[in-house]
Amino acid sequence: MYHTQEKTPGEVPPILFRLVAFMEERREWSGMATELLTQMGETDTAPNVITKLLNEYHATVLRQNNVRYVYRRTRAGRRIVLSRGDGVDSGDGLSGMPSARETAVNPVL
């Protein structure tokens, strides 16, 4: 049975800190909300709740902990992409700027 993540005003839901800990062991993770919750071992959180929390806290809690969140709609469903940054806004994508890899142009020889 899924429960909602109750919180008092100003309190960050504890699941977000567990997500940060989950990402400490990974450079990148991609999948659906249900897959994320399963891999994290979370059984008391509904997929729509984790998606809502990611959307609400991506610019604060996640960014402060060097976790980048991107949400993509695909034919298969809604895909979550989480990646770890180095905490420096040097074009690594944390500030919303494309990474050097995304903007690299192959030279013509």
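Model, not experiment: these values are computed from the prediction.
- The closest side-chain heavy-atom distance from E42 to R18 is below 4.5 Å.
- L19 places a side-chain heavy atom less than 4.5 Å from the side chain of L62.
- By the 4.0 Å N-to-carboxylate-O rule, E28 lies too far from R84 to be salt-bridged with it.
- Linking Ile, Leu, Val, Met, Phe, Trp and Tyr whenever their side-chain heavy atoms come within less than 4.5 Å puts V67 and Y69 in one cluster.
- Q64 contributes atom CD, which lies 11.5 Å from atom CG of L16 (distance to the nearest 0.5 angstrom).
- Interatomic distance, Y71 OH to N55 CG, rounded to the nearest 0.5 Å: 7.5 Å.
- The line from CD1 of I15 to CD1 of I50 is 4.0 Å long, rounded to the nearest 0.5 Å.
- The shortest distance between side-chain heavy atoms of V20 and M23 does not fall below 4.5 Å.
- In terms of hydrophobic clustering, with Ile, Leu, Val, Met, Phe, Trp and Tyr side chains grouped at heavy-atom distances under 4.5 Å, V81 and V61 are assigned to different clusters.
- Residues V12 and Y57 are in side-chain contact: their nearest non-hydrogen atoms beyond the backbone lie under 4.5 Å apart.
- The environment of R78 atom CZ is sparse: at most 12 non-hydrogen atoms of other residues, nucleotides or ligands sit within 6.0 angstrom.
- Residues P47 and T34 come closest through the heavy atom pair CG-CG2, 3.2 Å.
- Between T43 and L37 the shortest side-chain heavy-atom distance does not fall below 4.5 Å.
- Looking only at side-chain heavy atoms (C-beta outward), R79 and V70 stay at 4.5 Å or farther from each other.
- Linking ILVMFWY residues whenever their side-chain heavy atoms come closer than 4.5 Å, directly or via other members, leaves M32 and V49 in distinct clusters.
- Relative ring orientation between W29 and F22 is described as perpendicular, the plane-to-plane angle rising above 60° on a 0-90° scale split at 30° and 60°.
- With rounding to the nearest 0.5 angstrom, the OG atom of S30 is 7.5 Å from the CZ atom of R72.
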